[in-house]
Structure formats: C-alpha cells, structure tokens
Amino acid sequence: MLDIRLIREDFDRVKAAVARKKFDVDFDALKAADEQRRACLTQAENARAAQKQANAEMAKLPKGSPEFQAKLAEMRTIAGQVKELEAQAKDAEDSFSALLMSVPNLPDPSVPDGRNDADNKSIFTWGSSDEKDYPDALAHFDIPWFSKLLDFERGVKVTGAGFPFYVGDMARLVRALLSFFLEEARKNGYEEVMPPILVNAASATATGQLPDKEGMMYFAQEDGMYMVPTAEVPVTNFFRDEILDEEELPVKRCAYTPCFRREAGSWGAHVRGLNRLHQFDKVEIVKWVHPDRSFDELESLRADAEGLLQKLGLPYRVLLICAGDIGFPHAKQYDLEVFAAGQKRWLEVSSCSNFTDFQARRANIRYRANGGKPQFVHTLNGSALAIPRVLAALLENNLQSDGTVKIPECLKPWMGQDFIGARA
RNA sequence: GGAGAGGUGGCAGAGUGGUCGAAUGCGCAGCAUUGGAAAUGCUGUGUACUCGUAAGGGUACCGAGGGUUCGAAUCCCUCCCUCUCCGCCA
C-alpha cells in the first residue's frame with residue numbers, strides 16, 4: 001500500500017513510476033475517489049458533531065419534560081441525517097481503499113526499465129558456466145540412481161504430482177543443506193524462528209498474497225487458513241500491528257519452513273524433476289530496518305545469500321530485475337540463479353527484495369524514534385536458500401565419472417561422508 | 001468437544017443507557033523542592049483519519065462485525081480470542 005499523501009502531492013511522478021512496472025492503475029479514478037471520500041467524511045463528521053452537541057444539551061433536561069420532548073423530535077431528524085451521511089462516507093471509503101490497494105509499490109530509480117524477464121540485467125557472475133568444466137554432468141533426473149533417492153512415483157501415489165519422497169542419503173543431504181543455511185544465517189546475525197506453517201487471511205493480506213494471488217496457496221477451507229507459500233508470510237507478520245523501538249532496528253530473523261505452492265497452470269515439460277514442486281523446503285531471511293538504511297540492507301542481505309552458493313561451490317549469476325518484471329509489492333529485487341551444468345540452465349534459487357514501506361503499511365509495522373511519532377519500518381527478505389534447485393545443481397555439477405556425487409566440504413559436519421549415490 | 005468466567009488506555013483496574021476518550025493506581029516525561037538523590041507536590045502522558053497556511057478544531061477507536069435507541073464501553077445477535085473445570089489427544 002502506498003501513502004495516499006505521496007500520490008496526492010507527487011501525482012505525476014507516482015503515475016510515471018507505476019507505468020514503469022507495467023501495471024494498469026486508474027489514477028484519475030483514485031484521485032476522484034480520494035476527493036469524494038474526504039468530502040463525504042467531512043459532511044458525516046459535521047453531522048455527527050451536531051448530533052453529539054444536541055445530545056449533550058438534551059442530557060441536561062429533565063426526562064419527559066416538554067423541552068425534552070421537543071428536543072427528542074429534533075434529534076430524530078438529526079439521527080436520520082447522520083445515518084445516511086455515514087453510510088455514504090463508508091461507501092466512499094470502501095471504493096477508495098479498494099483502488100488504493102490496487103496500486104503497486106514504486107520501483108526504485110536504480111531499477112532498470114524493461115518489459116519482462118528478458119530485460120533483467122545480469123550484474124554479476126561467480127564460478128564457471130562453461131560446459132567443458134563439467135565433463136561428467138547429467139541432468140539430475142537422468143542420473144541412474146536418482147529415482148531411488150528422490151521418489152516421485154511414490155509421492156504421486158501418496159499425495160500427487162510435485163510431492164516427492166526424499167529417501168536415505170537424499171533426505172540427509174536436504175537436512176544437511178538446511179542446517180548449513182540456518183547456521184550461516186545465525187553467523188550473519190539472523191535469529192532463528194520456527195513459525196506456524198498455516199496462516200490466517202489477515203497475515204496473507206499483509207504480505208500481499210491476498211487478495212490478488214489467492215490461487216497460489218493451498219487453503220484449509222474449514223478453518224480459513226492458508227498453507228504458507230514461503231516463510232516470509234508468518235515471519236513478517238510476527239510484528240504486525242506493533243511498534244518497535246528505533247534502537248532495536250535492524251531486526252534480522254531467519255526461518256526454515258516447508259513451502260506450499262499450487263502452481264496452477266504452470267506445469268509443463270520444462271519443469272521435470274526438482275525444477276518445480278508443490279512442496280519444497282526453504283530457509284528465508286527477513287529484516288525490519290530503518291527507512292534510511294533499506295537499500296544498503298538489501299545489498300548485505302544479497303551478500304548473505306550469495307555467500308551460501310560460494311561456500312557450496314555452485315556457479316551463479318545475479319540478476320537485477322527490471323521494472324516490468326518485479327512483483328507488485330517490490331521496490332527493488334535481485335534474483336540469484338545457479339548454473340545447473342547437466343541441464344545447461346540457470347535456475348532461480350533466491351529472490352532478494354526490498355519492499356520499502358509497502359508491506360509495513362499493509363501490516364502496520366512501525367518504529368518509534370525516541371518519543372516521536374511512529375513511522376513505518378522498511379521490510380526486506382530473501383531466500384537463503386530454496387532447496388530443490390540448489391540440490392539439482394549440486395547433483396548435476398558434482399557428478400563424478402564413477403557415477404557418484406561429491407558432497408561439498410561445508411556440508412561435511414552434517415553429512416559425514418564425501419560422496420552419495422551408487423557407482424556406475 | 002462440553003460447562004462456566006471473561007476480553008476497557010503502556011500495565012493493573014473502575015465503570016451496567018446520556019454530563020465517559022473513559023475514575024483511580026502504577027509506569028513514563030517535564031517542572032518544583034534538594035548540594036545531589038530518594039520521598040513529596042504540580043503538570044503532562046494513546047492511535048488513526050480529517051478540516052485549517054497556522055494557531056487550533058472535528059470525528060472515530062473500551063476484542064471484531066452487525067443491530068436496538070434520539071443517545072451504547074454499558075442492551076441484543078454473530079464471530080474471534082483468553083482463563084478455569086471436564087473430556088479427548090501427539
């Protein structure tokens with residue numbers, strides 16, 4: 001949600017910025033609704049003030065006296081007016097806020113123009129994406145023992161497509177990766193939390209999944225709860241409707257959760273194996289920061305996520321997402337894509353974003369600078385990291401000529417072995 | 001799941017139809033007092049929206065949403081949550 005004052009005072013700049021995002025917003029209707037709403041509100045409040053004053057006078061009169069009876073008749077008509085004006089004001093308010101909620105966050109000036117993902121800028125690469133450096137690579141789903149350790153068929157039987165079983169060393173490898181991610185996050189100053197993985201509608205609204213992206217989440221109808229598509233939702237909502245002390249900022253937290261995504265309509269041949277799942281595991285890092293610091297905090301958050309890929313020895317690139325491709329609530333976004341040598345594809349494993357005050361407004365998360373007025377914080381988050389595609393790249397890139405996969409040094413504390421998989 | 005009690009300002013807690021945005025206490029801030037402090041006294045102490053260049057007004061908020069009434073923290077309905085007891089259960 002944007003500040004309506006900003007839209008009023010900087011109308012043309014806001015309009016131009018939103019246009020860069022390729023979202024269609026009827027700003028003239030919004031402006032008209034804002035004016036309508038305020039006019040109605042003033043009328044209704046004036047009527048209400050008159051009612052209250054008349055009421056105070058009436059309270060002093062002896063009950064049942066002729067003066068009291070006369071006043072009562074007068075107040076009946078005032079009450080009718082108040083009711084009508086308040087109803088009008090509520091209607092005006094409702095249509096105004098619906099329009100305001102349809103305005104996306106403004107892209108930061110540092111975000112490049114562009115229509116879609118083809119216009120994203122690759123700003124940094126690390127490691128080699130040259131095929132010659134991976135002579136033994138295979139697409140992970142073509143590794144002979146793959147379906148033994150990652151059992152999609154049993155998953156289909158038990159649940160459905162996109163819900164695989166991780167078996168034996170594969171389950172241990174996932175657990176090792178999660179432990180490694182959480183431990184690195186802790187070293188970088190993020191406090192670990194284990195959040196609920198079902199959330200209510202208010203939480204999903206605050207982080208922006210509702211109302212527009214309702215179809216992406218699994219929904220427990222009977223209890224009105226949504227299964228989390230990312231830990232971002234419960235973790236960010238931790239401080240919903242709260243006021244933090246300025247000295248507490250930045251607050252940094254990390255969380256592991258399974259993530260559930262319906263991915264309706266996005267299934268196809270190019271999403272084989274681990275490339276896209278309905279349930280996957282992810283460690284998310286989240287920050288609540290002072291508004292002046294949020295773009296610096298985005299850089300350090302991105303560095304925190306990148307450090308994981310470097311320690312794992314997986315080649316990756318950083319994309320600066322263009323204005324036409326960043327999401328509704330984002331001001332600036334980087335994606336990290338890992339190179340999967342077997343598929344010869346870049347796979348997105350992290351998205352690091354600054355939401356400025358957009359989520360904080362929706363979620364009503366503020367801070368107080370010693371004794372002053374509460375101000376909205378800025379929120380940021382990033383994956384650090386999502387498991388399946390990291391796993392895919394790790395299996396593909398580290399495949400040896402003997403058919404086994406080499407385990408990165410940094411995972412040894414949790415794996416205790418150097419290779420997984422059967423020799424050819 | 002059953003029975004009962006309850007949800008009021010930062011906290012505790014009064015308030016059962018009008019003069020209640022709400023007593024009182026605690027906390028917090030300022031001032032006085034003091035060499036300094038404690039104690040004491042006085043004053044102040046929420047959020048949001050809105051009108052106004054400003055000074056300063058107005059409105060809303062007593063868990064949430066509806067309703068009754070000229071008038072609701074107070075009465076009625078629905079929902080949410082907390083506590084106690086019972087039941088069930090990892």
Side-chain angles (χ1 to χ4, degrees), chain A residues 1-9 30-101 103 194-206 210-211 219-226 234 237-248 258 357-377:
Chain A
M1 192 163 59
L2 288 187
D3 185 355
I4 183 59
R5 287 189 196 89
L6 178 72
I7 300 177
R8 264 184 227 146
E9 286 159 22
L30 178 64
K31 198 173 178 179
D34 180 35
E35 281 158 15
Q36 170 77 4
R37 155 187 159 263
R38 283 188 290 162
C40 287
L41 189 63
T42 305
Q43 281 194 327
E45 287 184 351
N46 288 342
R48 183 76 179 127
Q51 183 185 35
K52 284 182 75 167
Q53 201 191 332
N55 186 50
E57 288 163 18
M58 179 169 180
K60 292 189 194 114
L61 299 171
K63 280 210 170 80
S65 66
E67 296 91 336
F68 185 90
Q69 293 300 339
K71 205 80 190 167
L72 198 130
E74 183 193 321
M75 286 197 61
R76 279 211 175 92
T77 57
I78 298 179
Q81 289 168 4
V82 167
K83 225 166 219 163
E84 198 183 319
L85 289 168
E86 282 186 343
Q88 281 175 17
K90 189 178 184 301
D91 286 350
E93 181 70 39
D94 288 348
S95 33
F96 164 76
S97 54
L99 276 168
L100 185 61
M101 289 286 270
V103 183
M194 291 200 78
I197 59 175
L198 283 100
V199 294
N200 59 30
S203 295
T205 305
L210 293 180
F219 181 54
Q221 180 87 41
E222 212 175 349
D223 298 292
M225 291 171 180
Y226 296 84
N237 274 280
F238 188 93
F239 293 117
R240 174 151 54 83
D241 294 321
E242 295 192 25
I243 300 173
L244 305 168
D245 284 333
E246 187 176 23
E247 299 82 63
E248 293 179 68
D357 62 353
F358 193 85
Q359 280 184 336
R361 274 176 199 285
R362 283 196 176 207
N364 194 27
I365 304 171
R366 294 173 291 173
Y367 73 97
R368 195 191 297 275
N370 61 90
K373 281 263 169 202
Q375 316 265 328
F376 289 108
V377 299

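Proteins come first, then strands; the chains are lettered A, B, ... in the order of their sequence lines, and each starts at number 1.
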Can you tell me how far [atom2] of [N] sits from [atom1] of [X], to the nearest Å?
X: A:Asn55; N: B:rA72; atom1: CG; atom2: P; answer: 8 Å
X: A:Ile243; N: B:rG9; atom1: CD1; atom2: P; answer: 14 Å
X: A:Glu35; N: B:rU50; atom1: CD; atom2: C1'; answer: 15 Å
X: A:Asn200; N: B:rC79; atom1: CG; atom2: P; answer: 18 Å
X: A:Gln375; N: B:rA48; atom1: CD; atom2: P; answer: 10 Å
X: A:Gln53; N: B:rG18; atom1: CD; atom2: P; answer: 20 Å
X: A:Glu86; N: B:rC61; atom1: CD; atom2: P; answer: 9 Å
X: A:Met1; N: B:rA48; atom1: CE; atom2: C1'; answer: 12 Å

For residues A:Ile365 and A:Leu244, report the shortest heavy-atom separation together with the two atoms involved.
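Result for this residue pair: CG2-CD1, 4.4 Å.
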Find which nucleotide of RNA chain B each of A:Lys90 and A:Met75 is nearest to by heavy atoms, and output the residue with the more 5' nucleotide.
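Upstream on the strand: A:Lys90.
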Quick one: on RNA chain B, does A:Ala56 or A:Ala39 contact a more 5' nucleotide (nearest heavy atom)?
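The answer here is A:Ala56.
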With a 3.5 Å distance limit and no angle check, can you tell me whether A:Glu248 reaches the backbone of A:Asp245 through a side-chain donor-acceptor pair?
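Yes: the side chain of A:Glu248 pairs with the backbone of A:Asp245.
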Would the distance check show the side chain of A:Asn237 and the main-chain N or O of A:Ser203 forming a donor-acceptor pair, the cut-off being under 3.5 Å?
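Side chain of A:Asn237 to backbone of A:Ser203, a donor-acceptor pair under 3.5 Å: yes, one is there.
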[X] near the nucleic acid: base, sugar-phosphate alone, or nothing, with a heavy-atom cut-off under 4.0 Å?
X: A:Ala49; value: sugar-phosphate
X: A:Lys60; value: nothing
X: A:Arg8; value: sugar-phosphate
X: A:Gln51; value: sugar-phosphate
X: A:Phe96; value: nothing

Go ahead and name the base partner of [N]; Watson-Crick or wobble counts if both distances stay under 3.5 Å, otherwise write none.
N: B:rC88; answer: none
N: B:rG18; answer: B:rC70
N: B:rU53; answer: none
N: B:rG6; answer: B:rC81
N: B:rA39; answer: none
N: B:rU45; answer: B:rG27

Do the side chain of A:Asn46 and the base of B:rG58 come within less than 3.5 angstrom through a donor-acceptor pair of N or O atoms?
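No such pair is found, so the answer is no.
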Report yes if a side-chain nitrogen or oxygen of [X] is closer than 4.0 Å to either non-bridging phosphate oxygen (OP1 or OP2) of [N]; otherwise report no.
X: A:Arg37; N: B:rU50; value: yes
X: A:Lys52; N: B:rA60; value: yes
X: A:Arg48; N: B:rA60; value: yes
X: A:Lys373; N: B:rA48; value: yes
X: A:Arg366; N: B:rA48; value: yes
X: A:Arg38; N: B:rC49; value: no

If the [atom1] atom of [N] is compared with that of [M], how far apart are they to the nearest Å?
N: B:rA48; M: B:rA37; atom1: C1'; result: 41 Å
N: B:rA22; M: B:rC62; atom1: C1'; result: 8 Å
N: B:rU82; M: B:rC76; atom1: C1'; result: 23 Å

Does a salt bridge link [X] with [Y], judged by any charged N lying under 4.0 Å from a carboxylate O?
X: A:Arg37; Y: A:Asp34; answer: yes
X: A:Glu57; Y: A:Lys71; answer: yes
X: A:Asp3; Y: A:Arg361; answer: yes

Do A:Gln359 and A:Arg362 have a side chain donor and acceptor closer than 3.5 Å?
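Judged by distance alone, the side chains do not pair up.
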Nucleotide of [options] approaching [X] most closely (side-chain heavy atoms):
X: A:Leu72; options: B:rC49, B:rC70, B:rU47; value: B:rC70
X: A:Leu41; options: B:rC70, B:rU50, B:rU68; value: B:rU50
X: A:Pro374; options: B:rA48, B:rC49, B:rG18; value: B:rA48

